[in-house]
Amino acid sequence: MNQNHTEVLERQLRDVSHQMLELVQEQVRIVQELKLSPSEMQELLDKLAGLADEKLEKKYVRDLFGVVLGITTETVKAKERKPLLVSRVHQQEDTIIDLGEVRVGGGTPVMVAGPCAVESYEQVRQVAAVLKAAGVTVLRGGAFKPRTSPYEFQGLGIDGLKILKEVAAEFGMQTISEIVHPAHVELAGEYIDVIQIGARNMQNFELLKAAGEVQTPVLLKRGLAATLEEFLHAAEYIVSRGNRQVMLIERGIRTYERATRNTLDISAVPILKQESHLPVLVDVTHSTGRKEIMAPCAKAALAAGADGVMVEVHPNPAAALSDAAQQLDFEAFGRFYAEVKRSGLL
Ligand code: PEP
Ligand code: MN
């Protein structure tokens, strides 16, 4: 190639590149002025790819103009996906759930306590008396217990809910109890104030749908190995059916760590608060499984922005029919509660 021809080609390359730059800028301006939606831009890219001659790969043309217009198939999909009803994008202001004297999500954190399982009227009554005297008004207690082994205590069922109702009426408390069967969701509303959906049932979609059909508030536990995205989608199942009164509760996830029963994911709290308008609580009993670290973990949860803490309390943990190793007796609960309150976070 002689010197002259090279110079001509170099000049041509410069000119063509300048023209291309100007055309690209013009293209961006027009697209912006037209306010093309992501899918319209995608359509434009497809048409351009169709016009290219066979020397140019269609994917290359789509990618080239896609980069110029800042559009990829993923961004089209993301932009066209509707925000979840449980997301902050859909609703800016916090959802607040009225539970008698307390408002969960209203800025004042709440303490939820009670036995792992409802074992008898007298047992629940004793716990309620101690809690109420301490100023705790939300009482938990499982009547349907999802146990790992079928040979272990399965709970008192509806009779357990009746006990909760009776004791709550006597002490003026609100009650939370787990429901495991969709057919019990409506009935539960007659006995308890909040339906708990347990970790093992976080993705029991028929149960979630049933919980969405009633107006009883729901406390949804994070699944044993659920991502936060899965957790929020589980909540979406309930809210999308019409029940907007949903609270989320982090209860520890399964990891390789054996020092605690599960691994308390504190980062879930600020992330869920950022992503969602629903109240977020932390269960320090099932996450840690260790009595001596429940207070610091409760404080960490509140410092991270949790709307409440849940802890299990039993009159005689050693004789408990479930979770004997990690329920606090009355004295330990007193110390726990005082330490958390001393932090000024509750
Ligand atoms: C419970 O809160 O009683 C319970 C069974 O917890 P989880 O579903 O988190 O294991
Ligand atoms: Mn328990």
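FYI, side chains are in, hydrogens and waters are out, and symmetry mates aren't considered; it's all heavy atoms of this structure. Order of appearance sets the numbers: ligands from 1, and atoms from 1 within every ligand.
The hydrophobic cluster containing Leu281 does not contain Tyr337, counting ILVMFWY residues as joined when their side-chain heavy atoms lie under 4.5 angstrom apart, directly or transitively.
Protein heavy atom in closest approach to atom 8 (O) of ligand 1: Ala199 N, 2.8 Å. Atom 6 (O) of ligand 1 has its closest protein heavy atom at Lys221 NZ, 2.9 Å.
In this model, a donor atom of one side chain and an acceptor atom of the other lie less than 3.5 Å apart for Asp193 and Thr175. Side-chain contact check for Glu10 and Thr6: no donor-acceptor pair (N or O, by modelled atom type) lies under 3.5 Å.
Between the Mn ion (ligand 2) and the N, O or S atoms of Asp323, the shortest distance is to OD2. Counting just the N/O/S atoms of Glu312, the one with the shortest distance to the Mn ion (ligand 2) is named OE2.
Atom CD of Glu101 is surrounded by 12 or fewer heavy atoms from other residues, nucleotides or ligands within 6.0 Å.
We find that Arg140 and Glu312 are joined by a salt bridge, their nearest charged nitrogen and carboxylate oxygen being less than 4.0 Å apart. A salt bridge is absent between Arg88 and Glu275; no separation between the charged side-chain nitrogens and carboxylate oxygens falls under 4.0 Å.
For ligand 1, the atoms lying closer than 4.0 Å to a non-hydrogen atom of Arg251 are 7 (P), 9 (O), 10 (O). Counting the atoms of ligand 1 from 1 in the order shown, those under 4.0 Å from a heavy atom of Arg200 are 7 (P), 8 (O), 10 (O). For ligand 1, the atoms lying closer than 4.0 Å to a non-hydrogen atom of Lys145 are 3 (O), 5 (C). Of all atoms in ligand 1, numbered sequentially from 1 with element shown, those under 4.0 Å from a heavy atom of Glu178 are 5 (C). Distances below 4.0 Å separate heavy atoms of Gly198 from the following atoms of ligand 1: 8 (O).
Residue contacts with ligand 1 leave out Met310, since none of its heavy atoms falls under 4.0 Å from the ligand. Ligand 1 is approached by Gln196 to a heavy-atom distance shorter than 4.0 Å.
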Distance-only criterion, 3.5 Å: show the donor-acceptor pairs between side-chain atoms of residues 220-237 and protein atoms not counting sequence neighbours.
unit_1 : atom_1 : unit_2 : atom_2 : d
Lys221 : NZ     : Asp283 : OD2    : 2.6
Arg222 : NE     : Ala226 : O      : 2.9
Arg222 : NH1    : Glu250 : OE1    : 2.8
Arg222 : NH1    : Asp265 : OD2    : 2.9
Arg222 : NH2    : Ala226 : O      : 2.9
Thr227 : OG1    : Glu230 : N      : 3.0
Thr227 : OG1    : Glu230 : OE1    : 3.4
Glu230 : OE1    : Thr227 : N      : 2.8
His233 : ND1    : Glu229 : O      : 2.8
Glu236 : OE1    : Leu85  : N      : 2.9
Glu236 : OE1    : Val86  : N      : 3.0
Glu236 : OE2    : Leu85  : N      : 2.7

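Between His184 and His181, the ring planes are tilted. Angles from 30° to 60° get that label.
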